[in-house]
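To find a chain, count down the sequence lines: A is the first, B the second, and so on, and within it residues start at 1.
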Amino acid sequence: MSVLSPTISKLYTPPTCTLEVTAKASPLSRWTRTPTIKSLQFLLSFDSLAQRARDSVEIYGDETQLSALTETVTQYIQTVLASRPTDLPLFPSEQTDSPVPSPEDSGAVALRPRSLLTHELLLGNLATAQSGPSLVLKASQLYDLATALEDCTADLQQLPSVIAAERPVVMPFLRSAALVLLTVGLGTATWRLFQTGPIAVNTSSPSSTTAMAPSATPAPSALPPVPSAPPRALNLPSIQLPTRSSNPLAAAPSAQKDVASSERSASTGSTAGASRPTKNTQPSQTVASAPEVRGATQDANEQQIVASAPSSNSMERSRALTQSAKSAPDPQVAARQSTLFDTIPQVAEVRDYVASRWQPASPPPKTLEYRVTVNGDGSLGAVEPLGVSAQQYLGQVPLPQTSGAFVSAPAAGSRPSIRMLLHQDGTVQTFLDTTGQ
Amino acid sequence: MDSSVNAIATVHPLADARQWGGPVASPDGDQLDNIKTQLDLVLLCLEALTGLGSDAMLQAASELGVQDMVGDRVALWRLRQSNPIRRGTGGRKKLDIEEARSLVLISCHLAQNHHATIRRAVCLLEDLTEQNRPPHQAALLGDYLDQFTNLYQERMEDDHQTPATLTDLGLKLLIDLLFYSAPQGVRRLWMALLDRSR
C-alpha cells in the first residue's frame, strides 16, 4: 500500500507526570473528518517519585495496557474515596519497598494504599528494569496520573469511531474492512432477530436463525410490532440471504454463521436500538460506534449517536420495517430486504442497483469501499474509491455514467453521499455517509 | 429521562448521565441519611479551607442552572440542615435525590474553582508527612484544621469526635476534595457517596 501512515502524537502534562500517546493514522483518515488511528502506544513518565528524587521513571505499553492502567487507577481512586478516615494512617508504617505479587497477578497492574497520602502502583507487565516492580505515588501524583489517563480516554472517545451526530453520519472505520463487515453484520443480524413467523426472510438456514435467536433479548418496546397481515411482495433490498440463488445478493451460509457467531460474542441482550435508544443499547450494533473505544460507563454521546443515526428518518424506517415485515417469502423479494441503514431511499436503491449487477471477474482480495455521491436529480454524481484495492476494481463496479439514470431523486437540495461496501462474497452493503445538505 | 439524557445540547446538569457514572442509582432512606452527612461535610471542608460562604454556593447554583433546587440562603440552609447530625430542630430533614445531586454539582464546582488552594494544601501535607512533621506546622493547614474543627463542633451534634479524630476527618476530606476538584469530580463524589452509604 502506497499510502503513508503519519504518526499522531498527544502529550498530557499534569504537574508530576507526562503521558505521551502515539498512534499511526490509518489510510482511511484521508476520507474522514478526524484521524483514524491504529497501533496506539503510550509512554508514561513519572517525575520526582519519592524513592527517586531526581530521576524520572518511564513505563510504556500498548493500547490494551493503557486501558487496563486507566481502569485500575479509576477504580482504585473510587475505593480510596469510599474509605473512612480511620481506614488509613496519616504516616506510612515501616515496610519493604518490594512487595511480591502473587503469580497469577504478575501481569496485572494494581494499586494499594500505604497511607492516607501514599499509594503503591504495582506495575505488573509494565515493569521495566528502571522502574522496578512498583512505584510509590503520593496523592497528588495519583491525582495527576488519573487526570492524564482520563483526559486521554476522553480524547480517544472523540475519535471518528464516536462522532457527535447532528446528522446521521456513517462512522469511518478504525481498522480493516473485516471490522467493517463485523460491525455492519452485527447490526443486520440484530435487525433480523425481530423477523418472526411467516414474515421472516431468513428461512432456509436454520443454523443461522437458531444461532441468532438466543443471543439477544430484545426489549419489547424497542420496535414497532410486527404486523400479522398477509405478506405481499415488495421491491426491497436485502443485504443477506441464507441461500445463493440467481440473486447475487444472497449471502453464503457461512457468512451468515459468521455474523451470527460474532453477534453472539459481542451482543449481550441488545435491543435493536434502531427506533429508541436505551441505556442498555449495545454500541457495537450501531454504525456510529467504535468497537474498541469503550468508556467505563455508558457514554451519553454514544447514546445520542444511537438516537440520531436511526431516527433521522424514523417514518421512513418504520415504513421500511413494516413493508419488509409484510413481504412474501419470495426469494426475489427476500433478496431485497431493507436494512437498518436505509435512512433514505437512495441508500437501498444504490445497493439494489449495484448488487444486481456486481459480478467481478475475480473476487476482490478484500472488501472494497467506495463513496458514491448522488445528484439532486438522482443521477450519479461521483464515485470515490477508498483504498488501493477499491481503486484497482473501480472499473468493474457496475455504476452508470455520471449524470445517467441511477436512483430516485433525493430530498430537495440534498446530494447524499453513500458509503458502499462490495464484499468478497458478492454482497453489497450501503449506508448513508452524509446528506449533503 | 432517556430522551433528556440523549439531548446533550439541552440537557439539564442533573440529567446528564455522563457526569454521574451512568444511570443514577437511587439510594434508600438510610443511605440518603449518610449521603446528607457526607455532603454537608464536603461543603464544610470547602468552607474551612477557602473561607467561602453561602453566597459562593448560591452563585455556583446559579451558574450550574440548579437554582430551582438551591435558590436562596434559606433553601441552602434547609438542604444542609437535612444532615441528621446537625444541631437544631428547625430545619427540614428531607433531601431528595435531585437536591443531593445539586449539592454534588455545587461542591465539585466550587472545588474546581479552588483547585489551586486545595492542591497546595495537599502538597504541603505530603511534604510535612514525608518529614514526619505534624500538619499544623504549615499555616494553610493549621488554619484549615482549626476552622474545620470549630465549624464541626459548632454545627454538629456529635460528641464522639475528639480533636484528634476531627483532624483525621478534616485531612481525609481535604485529600478527597482534591479528587473532587477534577473534571471527573462529580462522578467521583456521587459514586463515593453511594459507596460509603452502603
Side-chain angles (χ1 to χ4, degrees), chain A residues 14-16 50 53 74-92 115-119 136-144 146-147 149-151 153-154 157 164-166 276-281 295-308 311, chain B residues 1-9 11 15-23 38 41 115 118-120 122-130 132-135 165-185 187-189 191-198:
Chain A
T16 61
T74 302
Q75 290 181 357
Y76 176 75
I77 287 174
Q78 218 52 58
T79 303
V80 170
L81 292 174
S83 66
R84 309 210 174 265
T86 52
D87 288 349
L88 294 167
L90 179 61
F91 297 94
S115 70
L116 202 59
L117 287 162
T118 54
H119 310 274
V136 177
L137 303 179
K138 293 185 279 192
S140 56
Q141 292 168 327
L142 178 63
Y143 171 87
D144 288 340
T147 299
L149 293 173
E150 285 167 358
D151 286 349
T153 300
Q157 290 176 345
E166 290 89 20
R276 188 172 310 162
T278 70
K279 289 192 170 49
N280 293 322
T281 300
T297 63
Q298 280 284 343
D299 188 334
N301 211 18
E302 292 179 352
Q303 293 176 20
Q304 186 183 21
I305 294 162
V306 172
S308 61
S311 65
Chain B
M1 184 65 164
D2 285 343
S3 59
S4 65
V5 168
N6 290 322
I8 291 179
V11 68
D16 185 358
R18 293 173 302 169
Q19 291 194 84
W20 306 95
Q38 297 305 317
L41 290 179
H115 171 77
I118 297 168
R119 187 184 178 103
R120 188 157 62 92
V122 171
C123 288
L124 275 172
L125 183 62
E126 289 171 344
D127 292 342
L128 289 170
T129 306
E130 267 186 39
N132 274 316
R133 294 163 60 190
T165 59
L166 286 177
T167 295
D168 290 341
L169 177 60
L171 293 178
K172 173 67 165 66
L173 283 167
L174 174 66
I175 297 166
D176 291 350
L177 203 59
L178 177 65
F179 291 96
Y180 299 150
S181 68
Q184 297 289 331
R187 175 180 57 81
R188 287 174 178 169
L189 176 53
M191 298 305 294
L193 292 173
L194 294 177
D195 289 343
R196 292 193 62 180
S197 63
R198 293 198 184 102

### Query
Between A/D144, A/D87, A/D151, A/T147, which has the largest tally of heavy atom pairs under 4.5 Å with chain B?
A/D144
## Note on the structure
Most heavy-atom pairs under 4.5 Å with chain B, out of A/L142, A/T79, A/T118, belong to A/L142
### Ion pair B/R188/B/D195, N-O distance below 4.0 Å
no
### Query
Given that the side chain runs from C-beta out, which part of A/L90 has a heavy atom under 4.5 Å from chain B: side chain, backbone, both or neither?
both
### Part of A/T86 within contact of chain B (heavy atom distance under 4.5 Å)
neither
[X] portion near chain A, given a 4.5 angstrom heavy-atom threshold:
X: B/L125; result: both
X: B/T165; result: neither
X: B/I175; result: side chain

Exam field: side chain [X] to backbone [Y], donor-acceptor pair closer than 3.5 Å:
X: A/E150; Y: B/Q184; result: no
X: B/D127; Y: B/L124; result: no
X: B/K172; Y: A/S83; result: yes

### Task
Could you walk me through whether A/I77 and B/M191 pass side-chain contact (heavy atoms from CB on, under 4.5 Å), step by step?
CA-CA 11 Å; A/I77 287 174; B/M191 298 305 294; over 6 Å; no
### Message
Tell me if the centroids of the rings in B/H115 and A/Y143 come within less than 6.0 Å of each other.
### Response
yes
### Message
Out of B/L189, B/D168, B/L178, return the one with the most heavy atom pairs under 4.5 angstrom to chain A.
### Response
B/L178
